[in-house]
Each structure stands twice: as structure tokens, then as C-alpha cells.
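Below is one structure; the comments refer to it alone.
Just so we're on the same page: letters track the sequence lines, and every chain starts at 1.
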There are 2 protein chains.
Amino acid sequence: MLHEEVVGRIRAILLDGEIPPGARIPERELCERLQISRTPLREALKVLAAEGLVQLLPHRGSRAAKLTDKDMRDLFEVCQGLEALAGELACERITDAEIDEVAAAHADMVRHYREGDLIQYYRGNRAIHEGIVTAAGNPVLAGLYTSVTARIRRARYVTPMTPERWAVAVREHDAILNALQRRDGVGLAHILRAHLRHKREEVLQAGFAETEANDLVPRIA
Amino acid sequence: MLHEEVVGRIRAILLDGEIPPGARIPERELCERLQISRTPLREALKVLAAEGLVQLLPHRGSRAAKLTDKDMRDLFEVCQGLEALAGELACERITDAEIDEVAAAHADMVRHYREGDLIQYYRGNRAIHEGIVTAAGNPVLAGLYTSVTARIRRARYVTPMTPERWAVAVREHDAILNALQRRDGVGLAHILRAHLRHKREEVLQAGFAETEANDLVPRIA
DNA sequence: TTCTACATTTTTGAATGCAAAATTCTCGAT
DNA sequence: ATCGAGAATTTTGCATTCAAAAATGTAGAA
């Protein structure tokens, strides 16, 4: 198994919440599960620690990182900045074909909204945001976006919404697609920022910060 | 020696250009120099690879990452976004004391400009930009900024400038300080973007991309 | 002389072993 | 029964070791 694959597997385990935030990461257990020895596992944990997904405590092992309210706020703030930048760049560089792809994802998402399928709605939602970032054509930006969004993924794409919030979000997405189609970079940046600000407020209001006993997604194992 | 210290030491070696971009990283040699074995060294290299400073080639070892023109452009683009965001946030949160600190760094920088001391000028310059990022009060943002700027540091803070360019840069910095003192977030964001766009053009024009035989900062060893 | 096939050496990537540190357990005193 | 000191166990972090892969060197053929 390649180094990057090991990192990916553990990242997935953390993002799925299989090892809940704050929980110790069982080295021995993961070694057996991934069929690797401790050396490559520990290399992967150090990388994930640099990404902010894992917390290393010298001589006391590693834990799945826990997000405080402040962390969550900071991450959303940066995410806003990154998406706004991506939106501007995307408007300069996106191809017609790519716009069609985003439009298709949008239509999909709206359908799932009408059907009341939150899970599928979120899937389409993500596809749109990621589509915009990809269209920005900046791999450095895409990389940072991936790493930042990974850390707030569960909060962002799991939080339940009131019908009102949901309706607002969909309207915002209409405006997002519209701005993209008009290639209105400044407008798109503004909408994306507002959209994420609203999402952040929802998440914080829902008390999603991962402090202590807030293991929303329990260990599956 | 602690893990983070090892990472820091190697990072410094790379940023100093002691191991020039594209050069093989001599594991054995670094082990002796840092008085550690290969295990912790390799852990550090993987972390630095995730940061983008090191390139890992499976079964062929690691090299100091080389930046193409495109990489440089992408990094500057992201840096613009991060600094613009930092500027906006800083205007909302900066204390009077912090403004005074930035103003002091600015005065210093201008003095070094008048004296024609490019090295000291760049030092003050960096202090200003970093001061703004710090004042934004967002550690996530600060972390990303650190990692992105590290990769373009040599290009950004080594490139020589024509007297005209230099004069323009100083004027831009006057405007930066002014906007900060007026706490004009939008204005500051705009100026920072333009400032960095100009710097990027300088750097690219100077052909700083680290392709092949372009080891501007030679091995010191 | 130059090119290629093969053997040798070096280097890489990962498993294991070992000392130090932390955690857990035990047992006696209060 | 509870608390705390000390022993036993576990876990961590790193050095070492080992197999596989790549790089290098050598010799023979064209």
C-alpha cells in the first residue's frame, strides 16, 4: 500500500467519524486493519497532524482533532475567502462545458431539495462548490480548499436545516449559478461569502463544535 | 530533538536554498547532521511533502520541490486571496497598539528604502504583511499564509527591483498603512491584491521560476 | 569505440527490536 | 471503602535491520 493511500484511508476513517473527535487513535488496531506496520502508519499520522486532522501529544500518542467553536469559526472564515477567490477566478476561466456540469449538478440538487432528500441534496451541493473550485484552475487553491473543507465537512454537510433555512440556501444557489453563468466574478464572490456565512451561523447555532461529549457520529467499528 | 523541530530545521535548510530546488535530499547526510536516524527524518520529509516543499518520488527518494511558472502564479494568486482576507479581518479586529506596531515597521521599512538597503527593506516589508495577518486573529488563516508564503519566500523577498518598481511598492505600502489606520477593510483588501499582483509580475518577469539550472541561491553547505 | 546485457552496489521503504515514558494495576494504610 | 505509593504493563519514539527496487559499474558483442 502506497504512502498516500495510507494517509487517505486514515483520513477517511477520521472524516467518517469512525474515530470520533478527541478519541485516541489506536495504533496497534489500525496497523492490523490496514495490514501495515507502525512505521508507515506513524508517517501518515504526522502528515494528518500537519493537516490539522490529528493532534499529536508528545509521549502520549495521537488523538482525532477536536474542533472548538473558535476553530469552526476560523475554518469557515477561511473557507469563505477561498471560495470567494475560487468564484472570481472561475468566472474568468470556466469553460461552457464546465458551466453546464455545474448547472447539471444544480438541477440535480434542486430536484433532491424538492424531494426532501437531504443526503442527496448535500451531495449535489458539494459537487457545485467543488466544481467552482476546480474551474478556478488553481491546484494550490484546490488543495487548500480540500484540506480546509475536510475539517468542517461533517458540520457543513450533516447539519440538519429548517425548511426556511433550506429554502434560503436553495435560493442562494440559484443566484450562485446565475452569477457563474453571467461570469460575474465579483457578484459570485459576494454570494458565496454570504452563503457560507449563513451556513456557518447554522452550524454554530446547532452547537456542532466538537467539544467533549459531542460525538454526533459515534464510533461504528 | 522533537518532531516539530526536525521539520523546522529541514524546512529552514530548504528555504535557505542550501538544498537547491530540484536537488536530491541526501538522507544519510541529513541524518548525521541532525543526529537522528532515518525514521524521524523520513517522517519529517513526508510532512514537508504534504506542505509542498518536498517532492517524493516512489522508490526514487525525495527532492527539494521545484516551482514552475504556473506554480508561482498559482501560489501568488492564493497569497493574494489570503492577504486580502487577512486585510479585511484585520480592519475589523486590529487594536490600536497593533496598528502602531505595523506603523513602526512601516516607518522602518521606509527608512531602509531611503537608505537603499534592500535586505532590511524586505525585512520590514515582511513584518508588515505578517503583522496584518496576525491582526486578523485567525490562526487557520495564519497557518495557511505561512505555508504558502514559505514556498514563494525566496522569489518574493529576494528579487531585485528597479528604482521605479521600488518607488511604486513603497507608495503602495503608504496606501496599505493608510487603509489599515482608517480600518477600511475593502480598500485594504484591494490595495493588498494590487500590491501582490505587481510583485508577482516582477517575479515572473525576472524569470524566477525554479526550472532546472535556475539555482539563484546556490548551495552554501 | 559504443551499445547492451548482466552482476554489483546503493538506496529506498517497511518490519522489528529496544529503551524511555506514561498508563494501569495492586496492595497496604487510613 | 477510599486513597495513594509503588510495581507491572502498555505505549510511545527511535534505532536498527531486512527485503525489494533502483542506480551503477563491468564486460562482451557489434
Side-chain angles (χ1 to χ4, degrees), chain A residues 1-14 17-66 211-213 215 219-221, chain B residues 1-14 18-66 211-213 215 219 221:
Chain A
M1 179 153 34
L2 227 51
H3 166 70
E4 265 310 321
E5 199 189 333
V6 175
V7 174
R9 294 274 307 263
I10 302 171
R11 200 197 329 255
I13 290 173
L14 293 169
E18 198 175 327
I19 296 175
R24 280 174 60 90
I25 291 173
E27 274 192 15
R28 192 78 47 188
E29 209 175 297
L30 275 182
C31 285
E32 289 170 24
R33 175 158 160 193
L34 303 186
Q35 287 296 304
I36 55 175
S37 79
R38 285 180 57 227
T39 305
L41 177 73
R42 298 181 86 259
E43 284 173 356
L45 289 179
K46 304 254 179 195
V47 169
L48 291 167
E51 273 180 43
L53 283 172
V54 165
Q55 191 182 5
L56 298 177
L57 302 107
H59 294 287
R60 272 193 243 173
S62 40
R63 305 181 154 275
K66 229 171 6 184
T211 40
E212 290 320 312
D215 299 340
R219 179 187 284 254
I220 295 169
Chain B
M1 177 152 35
L2 227 50
H3 166 69
E4 265 310 322
E5 200 188 332
V6 176
V7 174
R9 293 274 307 262
I10 302 171
R11 201 195 331 256
I13 290 173
L14 294 170
E18 198 175 327
I19 295 175
R24 280 174 61 90
I25 292 172
E27 275 193 16
R28 192 79 44 189
E29 209 175 297
L30 275 181
C31 285
E32 286 170 25
R33 176 158 161 194
L34 302 185
Q35 289 294 306
I36 55 175
S37 80
R38 284 179 60 225
T39 305
L41 177 74
R42 299 181 85 260
E43 284 173 356
L45 289 179
K46 304 255 188 215
V47 169
L48 292 167
E51 273 181 42
L53 283 172
V54 166
Q55 191 182 4
L56 298 177
L57 302 107
H59 293 287
R60 272 192 242 174
S62 41
R63 304 182 154 274
K66 228 172 7 185
T211 41
E212 290 321 311
D215 299 339
R219 178 186 286 256

Just distance, no hydrogens or angles: give the donor-acceptor pairs under 3.5 Å from side chains in residues 48-59 of chain B, sequence neighbours left out.
from, atom 1, to, atom 2, distance (Å)
B:Glu51, OE1, B:Arg11, NH1, 2.5
B:Glu51, OE2, B:Arg11, NH1, 2.7

Separation between CD1 of A:Ile36 and CZ of A:Arg42, rounded to the nearest 0.5 Å
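These two atoms lie 12.0 Å from each other.
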Using side chain to side chain contact (heavy atoms under 4.5 Å, CB included), reason through B:Leu41 and B:Ile10 one step at a time and then give a plain yes or no.
CA-CA 9 Å; B:Leu41 177 74; B:Ile10 302 171; 3.4 Å; yes
In whole angstroms, the gap separating C1' of D:dC14 from CG of B:Leu34 amounts to 14 Å
Pair B:Lys46, A:Lys46 - check side chain to side chain contact (heavy atoms under 4.5 Å, CB included), show working.
CA-CA 8 Å; B:Lys46 304 255 188 215; A:Lys46 304 254 179 195; over 6 Å; no
Starting at the 5' end of nucleotides 10-20 of chain C, put B wherever the base has a protein heavy atom under 4.0 Å, S where only the sugar-phosphate does, and a dash everywhere else.
-SBBSBBB---
Audit row: A:Val6, A:His3, side chain to side chain contact (heavy atoms under 4.5 Å, CB included) steps and yes/no
CA-CA 5 Å; A:Val6 175; A:His3 166 70; 5.5 Å; no
